[in-house]
Structures are given as C-alpha cells and as structure tokens.
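The structure appears below as structure tokens.
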Amino acid sequence: MTQHLVLTVIGDDRPGLVGELSSAISAHQGNWLESSMAQLAGKFAGIVEVSVDATQADALRNALGQLAGLKVTVESAAARKSALKGRRLKLALVGHDRIGIVREVSQVLAHHAVNVESLDTHTSSAPMSAAVLFHAVAELTAAPDLDVGALTGELERISNDLMVDITLDETIRA
C-alpha cells in the first residue's frame, strides 16, 4: 500500500541538500512526486510531495528528522487536503534580498498553524542598480478560526524590521 506524504522543509541552504533529501526518500522506497522550493541568502524552504510504501513511512520520517540543519514537517497528503477546508490566504512579499526573510516569515506562519500550499519565488536585479529584489507569492491555508489580525500584525513587524513589503489577502472562505 502506498502512502502520499507532504514534506515542509526549512533550514540552511548548502551544497548537496536536494540530493540528501532525494537519497533519504529513495532509501525508504519513496518517489519524489512534486516540489516547490526557494533558496535565498543561505536559507532553503520547500514543499515536497512524495509517495512511499506505507511500511516505510515512519522510517522515512525518522530519517528526514536526522538531516542536519533542517526542520522537516511530515504530514499525510490526505490530512493536508482536509486542511484545505479552512481559510485560504495569499501572501505576497517584495523586498531587497536579505538574510532572514524566509526564516522569519516561515516561523510566523508556523506559529499560527498556517500551511503553505504553494510557493513561487524569484530574485531580480533592477537595471542600473546593484539592488537585488526578492519576490515571493504563497498560497496558504489555515483553520477557520485563525486570528488574521494577529497574523497580520506579526507580518507587519517583519515587514518593518526587514524593510520588505508583505501583503496578506484572504482569497476564499470554505
């Protein structure tokens, strides 16, 4: 029997990191199905969907927990899909490429039990400027009783501290 898992990975970006994830998944009879990843200023954030033999799921969870410098959250894809019945939010971030953006925003979202469903990031350089801008758009889900005001307040604090523009919009209520 196959089990589908969703891995949320946050930590330090280093050479060979994706290879380590792939090796851990393969070593436990897993298949890498889909992923969305961001690498920025020495940090790594990603969402990876895998299928794994159900008898290997716990062993894979343990192996992923042993990867140095990473925090890996593992949940079943079925449980994650049931979370989609909650609030749907969209987060947009634009600012200078700075260390700490991914980590800070990820910690706030985790504190409020907000799940990242998709993440699209890129960096760009302005013509005639040495400034590198970081852009991210994330689709999020949260419990229906999420205190959006408290979440927005914490994101505004990060926005001011890191000099980035963070926008949080509610897109759909299920």
Side-chain angles (χ1 to χ4, degrees), residues 5-15 17-18 20-21 32-50 64 67 69-75 77 79-174:
L5 301 174
V6 177
L7 318 177
T8 304
V9 183
I10 299 171
D12 296 327
D13 185 22
R14 63 182 184 286
L17 175 62
V18 174
E20 288 178 39
L21 284 169
W32 187 298
L33 300 175
E34 190 175 333
S35 65
S36 174
M37 298 181 194
Q39 295 163 313
L40 172 69
K43 295 296 176 189
F44 176 88
I47 299 170
V48 180
E49 187 174 335
V50 301
L64 293 169
L67 294 176
L70 291 179
K71 178 183 176 202
V72 182
T73 304
V74 181
E75 56 190 324
R80 189 172 184 93
K81 285 183 182 173
S82 70
L84 290 174
K85 295 178 182 172
R87 280 188 146 152
R88 306 238 342 124
L89 306 165
K90 186 173 186 176
L91 179 134
L93 184 147
V94 177
H96 292 286
D97 186 0
R98 296 188 191 282
I99 295 174
I101 293 173
V102 171
R103 182 187 70 242
E104 292 283 335
V105 172
S106 297
Q107 288 174 345
V108 168
L109 295 175
H111 174 76
H112 288 274
V114 174
N115 295 313
V116 178
E117 297 300 327
S118 68
L119 175 67
D120 180 33
T121 65
H122 69 277
T123 57
S124 62
S125 297
M128 305 297 287
S129 170
V132 176
L133 295 178
F134 174 70
H135 307 266
V137 176
E139 297 287 334
L140 313 171
T141 58
D145 61 348
L146 170 70
D147 183 347
V148 176
L151 175 58
T152 300
E154 287 188 52
L155 291 173
E156 284 175 359
R157 179 192 53 81
I158 292 171
S159 178
N160 293 332
D161 290 350
L162 296 177
M163 294 183 288
V164 296
D165 181 33
I166 301 174
T167 306
L168 181 68
D169 294 314
E170 190 155 3
T171 57
I172 302 170
R173 275 193 198 217

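The nearest pair of heavy atoms linking T141 to R88 is CG2-NH1, 3.1 Å. Heavy atoms only, all atoms of each residue included: W32 and V50 are closest at CA-CG1, 4.2 Å. Nearest approach of S159 to D165, heavy atoms of both residues: OG-CA, 4.0 Å.
The CG atom of L17 sits 7.5 Å away from the CG atom of L67 when rounded to the nearest 0.5 Å. Note that OG1 of T167 is 10.0 Å distant from CD of E156, once rounded to the nearest 0.5 Å. Between the CG atom in D169 and the OG1 atom in T152 there is a gap of 9.5 Å [rounded to 0.5 Å].
When side chains are defined from C-beta on, L155 counts as touching L91, because their heavy atoms get closer than 4.5 Å. Annotation: side chain of V137 is in contact with side chain of K90 (closest heavy-atom distance under 4.5 Å). When side chains are defined from C-beta on, Q107 does not count as touching E154, because their heavy atoms never get closer than 4.5 Å. Looking at heavy atoms from C-beta onward, I166 lies out of side-chain contact with L168 at the 4.5 angstrom threshold.
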Check step by step if side chain to side chain contact (heavy atoms under 4.5 Å, CB included) holds for L64 and L21.
CA-CA 7 Å; L64 293 169; L21 284 169; 4.0 Å; yes
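Under the side chain to side chain contact (heavy atoms under 4.5 Å, CB included) rule, L140 has a single partner from N115, V114, L151, which is V114.
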